[in-house]
Amino acid sequence: MLYSTYGAIRSLTRYWEPDMVRRIPRFVHVLVFVGALGSVEACAHRVNTRFYEPSELATLDDPSPFLKAHLASGHVYVLSAWRVDTAAGAIIGTGQLLDPNRAEVATGDFTLPADSVRLFETNVVSQSGASVGLTVMVGITAAVAAVCAANPKACFGSCPTYYVEDETGTSILQAEGFSSSIAPALEATDVDMLIRARPTERDLRVRVTNEALETHVIRHTDVLAVRRPAGGRVFVTTEGTFLGTSEPLAPAVCSAPEGDCLAAVTASDGVERFSWADSSDLGRRETIDLAFEDVPDEDVGLVLQSRQTLMTTFLIYQALAYLGHEAGRWLAAAGSLSADERASMGSIERLLGKVEVLLLDESGEWVIVGAAGETGPLAADTKVVPLAERSPSGAPLRVRLRLTQGLWRLDRVALVGLGGTVEPVRIAPRAVRRAGAEDPEALRVLVDPDEALVTLPGDDYELEYRLPERPEEHELFLEARGYYLEWMR
Amino acid sequence: MCATDTRLFAVLAVLASGACSAGTTAPRRFLPSPQEAQTEAYGAWVDFTYAVGDSVGRFQGEFIAVSADSLWAVSGTRGLVVPHAALRSGRLAYFNSSPGSVGGLAFLGTLSTISNGAYLIFTAPMWMIGGAAAAGSQARLARRDMTPLSGPQLSTYARFPQGLPEGVELADLRIKAISQAGR
């Protein structure tokens with residue numbers, strides 16, 4: 001059942017992305033559902049047939065656009081624009097006379113004395129019960145879709161979401177905080193690279209929103225700024241070490257089970273490589289083989305920019321569903337679990353795993369040298385995985401990725417030459433605004449390590465940070481710590 | 001397409017077409033649409049079995065007329081008069097209620113729940129179950145089981161609801177033209 005439900009949802013959502021519905025203009029939603037209503041109206045009809053004796057002439061059903069007058073001979077008049085002349089005891093109309101084999105005998109205007117007719121027949125077409133049912137379902141679906149379009153994360157997402165302007169000045173989703181921290185016991189720190197932030201002035205504004213039916217408890221949200229090395233970038237490892245690097249080098253070869261995947265992983269452009277989950281084993285792994293040419297003659301690392309599909313979301317919600325009424329008590333009890341017991345709460349993450357990076361060893365075997373990948377289907381996370389081994393100078397470097405089938409969306413894979421460790425400058429917010437007004441209380445709790453900012457659905461804060469001199473020369477990261485509570489949708 | 005998706009779409013297809021398969025044996029386009037039924041003057045399509053001595057015969061064709069004791073029908077090749085007492089079972093269809101279109105709409109409705117995010121867990125089954133029920137209901141709209149119906153009830157669906165006219169011979173009657181029926 002679990003697999004079939006997941007399979008159905010996955011099939012319906014293969015081409016769906018969390019913010020896709022929001023990107024579709026609302027008039028398109030309206031058109032789609034108006035079209036659906038129109039289709040229902042057009043196809044689900046019934047015919048209500050009634051017969052009348054000539055003596056019932058005065059009660060003939062007016063709504064019927066046509067009248068059939070059956071004669072004793074087997075002939076039948078089919079009249080349109082008909083009317084009853086009660087005084088004359090006749091029917092007047094325009095149409096045709098058909099013989100018993102329904103061949104046309106005559107056409108034109110006819111006046112039929114009622115007593116010349118054996119039986120009158122009316123047929124009224126109306127909406128069927130199925131039409132009513134379908135209309136109700138269209139209405140329900142449209143209403144839910146409208147709610148989802150107005151507040152997408154109430155339907156599609158979770159976690160605190162962070163919006164920062166990109167190079168064009170457009171505010172875009174660049175980070176999601178502590179996605180797997182669904183209980184106080186799972187409070188965690190999360191570092192996300194603001195890979196598309198291009199600050200041109202020292203004041204950086206970050207919007208943090210609660211767009212889901214959740215309570216977010218944000219302990220802190222700091223910006224980490226690191227000066228880029230000349231001609232290079234700065235990336236962070238999964239362990240939280242910041243490394244200066246050279247400019248990323250795209251792979252020359254990308255080979256996945258479905259074929260060439262080079263176009264999808266070459267640039268950080270939102271075009272992602274992903275696959276379908278296995279139909280019988282959600283934990284089944286797949287491999288992607290990469291090759292890099294012109295590898296710099298220094299220590300190198302693999303940059304992975306990825307996010308998850310909805311598989312983890314589905315499994316977490318399904319697990320909560322299985323807990324039923326016990327879910328709240330179970331989550332509350334998680335705070336008093338032992339370390340081992342608490343570790344078991346991460347079993348989904350362990351079973352599904354991260355994106356493993358493998359290199360060939362001297363014996364020709366693929367060995368794991370690192371892994372990256374953060375929980376969450378919304379914002380892509382960027383990490384660098386240092387490669388402990390490397391090919392002889394001048395030879396292409398072959399790298400294999402091993403990942404759970406259907407779990408990961410890879411936006412970019414690149415090779416970088418690794419420089420030294422660099423220390424970021426931690427910057428706490430210097431102002432917090434809500435609905436355009438200063439909110440000193442929110443600022444106070446965000447900078448006090450013993451306090452936390454608690455947000456509810458619909459909350460929207462603007463955090464302002466003061467970046468170092470020459471902000472355009474800095475790489476920016478967002479460090480958020482906290483947890484969130486599901487409202488058990 | 002992987003196995004899971006094949007199963008999903010097979011289920012949807014069965015749900016969508018379930019009503020059609022339980023429908024009628026009428027040739028394609030023999031049955032008028034609801035709008036055409038307002039102006040056409042042919043009988044319903046009948047498919048029934050009847051006793052012939054110790055054996056059972058089956059007849060498919062157009063329903064011509066019914067009286068207190070007999071039923072008349074014609075096919076492309078012959079006419080048949082059957083006493084009510086010999087009628088074993090049968091079903092008639094008198095217009096094309098387009099259950100397939102309703103099933104298709106239900107399929108599209110199921111797909112449209114992609115716009116409902118996590119709530120498609122509720123709305124997709126609603127469409128699958130409700131859509132199948134609607135398609136079934138739509139198919140039943142145009143169908144009648146013949147055996148529980150009395151002569152006057154059956155006459156509603158005959159070419160001659162007033163009864164077989166005097167002077168009209170069954171052998172002279174032709175079923176709704178094949179070309180007209182789109183075959």
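Worth knowing before you read on, the calculation uses all heavy atoms, side chains too, and leaves out hydrogens, waters and symmetry mates.
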So how far is it from [X] [atom1] to [Y] [atom2], rounded to the nearest 0.5 Å?
X: A:Ile140; Y: B:Thr113; atom1: CD1; atom2: OG1; answer: 12.5 Å
X: B:Thr39; Y: A:Leu67; atom1: OG1; atom2: CG; answer: 12.5 Å
X: B:Ser112; Y: A:Met137; atom1: OG; atom2: CE; answer: 9.5 Å

Quiz item: Crowded around A:Glu104 CD? As in, over 12 foreign heavy atoms under 6.0 Å?
Solution: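 Above 12, so yes.
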
Quiz item: Hey, is CZ on B:Arg174 packed in by over 12 heavy atoms from elsewhere, all under 6.0 Å?
Solution: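 Incorrect, the count does not exceed 12.
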
Quiz prompt | With A:Ser80 via side-chain hydrogen bond (donor to acceptor under 3.5 Å, both in side chains) - residues at least two apart | solution =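 Not a single residue meets the side-chain hydrogen bond (donor to acceptor under 3.5 Å, both in side chains) criterion with A:Ser80.
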
Considering all heavy atoms, the nearest [X]-[Y] contact:
X: B:Pro34; Y: A:Val125; result: O-CG2, 3.4 Å
X: B:Ala41; Y: A:Val76; result: CB-CG1, 3.7 Å
X: B:Ser137; Y: A:Ala130; result: OG-N, 4.4 Å
X: B:Met126; Y: A:Thr141; result: CE-OG1, 3.7 Å
X: B:Tyr94; Y: A:Val47; result: OH-O, 4.1 Å
X: A:Val124; Y: B:Gln38; result: CA-NE2, 4.4 Å

[X], part contacting chain B, at a heavy-atom distance under 4.5 Å:
X: A:Val78; value: side chain
X: A:Leu71; value: backbone
X: A:Arg118; value: side chain

Exercise. Scan B:Ile64, B:Asp172, B:Val168 and name whichever one has a side chain to side chain contact (heavy atoms under 4.5 Å, CB included) with A:Pro100.
Key: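 The residue from B:Ile64, B:Asp172, B:Val168 that satisfies side chain to side chain contact (heavy atoms under 4.5 Å, CB included) with A:Pro100 turns out to be B:Val168.
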
Side chains of [X] and [Y], heavy atoms from C-beta outward: is any pair under 4.5 Å?
X: B:Gln35; Y: A:His45; result: yes
X: A:Phe51; Y: B:Ser155; result: no
X: B:Trp127; Y: A:Val138; result: yes
X: B:Arg159; Y: A:Asn101; result: yes
X: B:Phe160; Y: A:His70; result: no

Practice problem: Can you tell which part of B:Leu141 gets under 4.5 Å to a heavy atom of chain A, answering side chain, backbone, both or neither? | Solution: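 Contact with chain A involves the side chain of B:Leu141 alone.
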
Exercise. For the pair B:Lys176 (side chain) and A:Arg102 (backbone), establish whether a donor and an acceptor sit closer than 3.5 Å, ignoring hydrogens and angles.
Key: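 Not confirmed, B:Lys176 side chain does not pair with A:Arg102 backbone.
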
Quiz item: Is there a donor-acceptor pair under 3.5 Å between the side chain of B:Gln162 and the backbone N or O of A:Ser73?
Solution: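 Checked: no pair found.
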
